[in-house]
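Everything below concerns the one structure shown next.
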Amino acid sequence: MNRIGITMGDPAGIGPEVVCKALMTMSDADRAATLVIGDPVFMRRAAALVGAPFAFVETPGAVPAGDVPLLAIDAPNRDAILPGQLSVDAGEIGYLCVERAVHLALAGEIDVVCTASLNKTSLRQAGRGANGHAGILAALTGATKSYAVLASPQFSVIHVSTHVSLARAAEVCRTPLVLETIRAADLHMRTAGVARPRVVVAGLNPHCGEGGLYGREDDDQVGPAIAAARAEGIDVAGPVPGDVVFQQAIDGKYDIVVAQYHDQGHIPAKLIGGHDCVNVTAGLPILRTSVDHGTAFDIAWTGVADPSNMKAAIAMARRMKPLARNPAAA
């Protein structure tokens, strides 16, 4: 069984609550294989909020059956962190929890990092980077490139480009980057337990350009990347027009779709996957899953947060297999 380290997320948001609610559904054995990394006051406050039938027990030390191991990271200026409010201190403790989890994963003390949500503005206010978890994880692991994967029971999707403008996406979706993303897709699905992943690449342009009528990128850039990946032994198809490729994946023809830009992949994945859609970061020297939602400041600490996505992220973390190699060095 994978040993999972769960970070509490931004304590002004719903992270501590959904972590506690997810823990409530676990068996004693699963709780014993789960280490929560967070501020003890916030985690115990969340446990009381939801009526959790367990205690957080700080490690190192013996943890009674049914209780949850907690690696305590004390929040700076804890009393200044208020529900639903941006805070330098909340951003700082959120960062510190992720930092410790990454160090544990790199040292082999946990197998998978599972993260609750952070607030990018609070992180920026704390001077901890402007790109949320993605930037933090890359900096802490030394990864030169990582990939956003949205995984659901129906299909997974990985992105050649993510947080760039649509105009910029058309510029960066070139053969080398498309090929790297196909490789990352294949490796990710293997870590998710698929022995022979079936990868498909979505076209960039409508109808994959119609032979140049709507652009030549699919013929000149995407196609050569697919051919190169096939030559490496990867089972990859495409390019397939973006308006049909996701239905084919839902129908079971493919395991993972390589999307060219953010909304091409995010919209169908979130629409179809719903609460079961999990954020996975591929391309790191560690394994990481995450909820696919934000801090939900509007409902923070009210007891009404839905833990379904956190439960799905934990379930994905349990299923993942160890990395066969360091993808950041590929």
Are V240 and I158 connected into the same hydrophobic cluster when the rule is that any two of I, L, V, M, F, W, Y join if their side-chain heavy atoms are below 4.5 Å apart? no
Pair S290-R288, side-chain donor/acceptor within less than 3.5 Å: yes
Assess whether a salt bridge exists between D39 and R78, defined as any Lys/Arg side-chain N lying under 4.0 Å from an Asp/Glu carboxylate O. yes
With a 3.5 Å distance limit and no angle check, can you tell me whether K311 reaches the backbone of V19 through a side-chain donor-acceptor pair? no
Considering residues, nucleotides and ligands other than R31, do more than 12 of their heavy atoms fall under 6.0 Å from its CZ? yes
Of all the heavy-atom pairs spanning H188 and S156, show the shortest one and how long it is. NE2-OG, 4.5 Å
Minimum heavy-atom separation for G91 and A126, please, with both atom names. C-CB, 4.0 Å
Give a yes or no on whether the backbone of A202 and the side-chain of Q260 come within a donor-acceptor separation of less than 3.5 Å. yes
Could you see if W301 belongs to whatever hydrophobic cluster contains L86? Use Ile, Leu, Val, Met, Phe, Trp, Tyr and a side-chain cutoff under 4.5 Å. no
Below 4.0 angstrom, N of the basic side chain to O of the carboxylate: do D111 and R3 qualify? yes
State the CD-OG1 distance between E217 and T175, to the nearest 0.5 angstrom. 11.0 Å
State whether R183 and E180 are salt-bridged, where the test is any N-O pair (Lys NZ or Arg NE/NH1/NH2 against Asp/Glu carboxylate O) under 4.0 Å. no
Does a side-chain heavy-atom distance below 4.5 Å link V36 with P69? no
Give a yes or no answer on whether the side chain of E17 reaches the backbone of L49 with a donor-acceptor pair at less than 3.5 Å. no
Closest non-hydrogen atom pair between A101 and I37, with its separation: CB-CD1, 3.5 Å
When rounded to the nearest 0.5 angstrom, what distance separates CD1 in I226 from CG in L179? 10.0 Å
So that I can tick it off, tell me whether E58 and R44 are bridged by a salt bridge, with the cut-off set at under 4.0 angstrom between side-chain N and carboxylate O. yes
Taking the side chain as every heavy atom from C-beta outward, state whether P241 and P206 have any pair of such atoms under 4.5 Å apart. no
Could you tell me whether the side chain of R45 and the main chain of P16 form a donor-acceptor pair under 3.5 Å? no
Would you find a donor on one side and an acceptor on the other, under 3.5 Å apart, between the side chain of H159 and the backbone of A148? yes
M320 backbone acceptor or donor facing N2 side chain under 3.5 Å: yes
Validation row, ring centre Y254 to ring centre F155 under 6.0 Å: no
What's the shortest heavy-atom distance between P239 and V222, and which atoms? CB-CG1, 4.0 Å
Any donor-acceptor pair under 3.5 Å linking the side chain of S122 with the backbone of D10? no
Is it true that the side chains of T34 and R318 contain a donor and an acceptor less than 3.5 Å apart? yes
Can you see which heavy atom on I256 is nearest to which on A185, and at what distance? CD1-CB, 3.8 Å
CD (Q154) and CZ (F246) are apart, to the nearest 0.5 Å, by 13.0 Å
For S87 and Q85, what are the C-alpha separation, side-chain angles and deciding distance, and is it a side chain to side chain donor-acceptor pair (under 3.5 Å)? CA-CA 6 Å; S87 165; Q85 294 190 19; over 6 Å; no
Please step through side-chain contact (heavy atoms from CB on, under 4.5 Å) for the pair H262 and S161, ending with a clear verdict. CA-CA 6 Å; H262 184 282; S161 67; over 6 Å; no
Taking the side chain as every heavy atom from C-beta outward, state whether I110 and V113 have any pair of such atoms under 4.5 Å apart. yes
Check whether any side-chain heavy atom of D306 lies under 4.5 Å from a side-chain heavy atom of V18, and answer yes or no. no
Could you check whether any side-chain heavy atom of V278 comes within less than 4.5 Å of a side-chain heavy atom of D292, counting everything from C-beta outward? no
Is any side-chain heavy atom of I272 closer than 4.5 Å to one of I250? yes
Tell me whether the count of non-hydrogen atoms from other residues, nucleotides or ligands lying under 6.0 Å of NE2 in H266 goes above 12. yes
First locate atom CZ of F42, then atom CD1 of I73, and finally report the distance between them rounded to the nearest 0.5 Å. 14.0 Å
So CE of M316 and OG1 of T289: to nearest 0.5 Å the spacing works out to 8.0 Å
When clusters are formed by joining ILVMFWY residues with side-chain heavy atoms under 4.5 Å apart, either directly or through shared neighbours, do L71 and I314 land in the same one? yes
Measure from the side-chain N and O atoms of N309 to the backbone N and O of H275, and report whether any donor-acceptor pair falls under 3.5 Å. yes
Let me confirm one number: the CD1-OG1 distance from I14 to T302, rounded to the nearest 0.5 Å. 9.0 Å
Within the distance-only criterion (no hydrogens, no angle test), does the side chain of R198 pair as donor or acceptor with the backbone N or O of K253 below 3.5 angstrom? yes
ILVMFWY network linking V291 to F297, side-chain heavy atoms under 4.5 angstrom: no
If hydrophobic clusters are built by linking Ile, Leu, Val, Met, Phe, Trp and Tyr wherever their side-chain heavy atoms come under 4.5 Å apart, do V68 and L35 end up in the same one? yes
Spell out, as yes or no, whether a donor-acceptor pair under 3.5 Å connects the side chain of R216 to the backbone of G209. no
Pair M310-K21, side-chain contact (heavy atoms from CB on, under 4.5 Å): steps then yes or no: CA-CA 9 Å; M310 173 57 75; K21 286 180 174 178; over 6 Å; no
When every non-hydrogen atom of G203 is compared with those of C208, the smallest separation belongs to CA-SG, 3.9 Å
Is any side-chain heavy atom of D235 less than 4.5 Å from a side-chain heavy atom of V199? no
The test is side-chain contact (heavy atoms from CB on, under 4.5 Å); show your working for Y261 and R168 and say whether it passes. CA-CA 10 Å; Y261 53 91; R168 179 61 179 156; over 6 Å; no
For residues V160 and V258, determine if any side-chain heavy atom of one lies less than 4.5 Å from a side-chain heavy atom of the other. yes
Please step through side-chain contact (heavy atoms from CB on, under 4.5 Å) for the pair V157 and V149, ending with a clear verdict. CA-CA 6 Å; V157 59; V149 178; over 6 Å; no
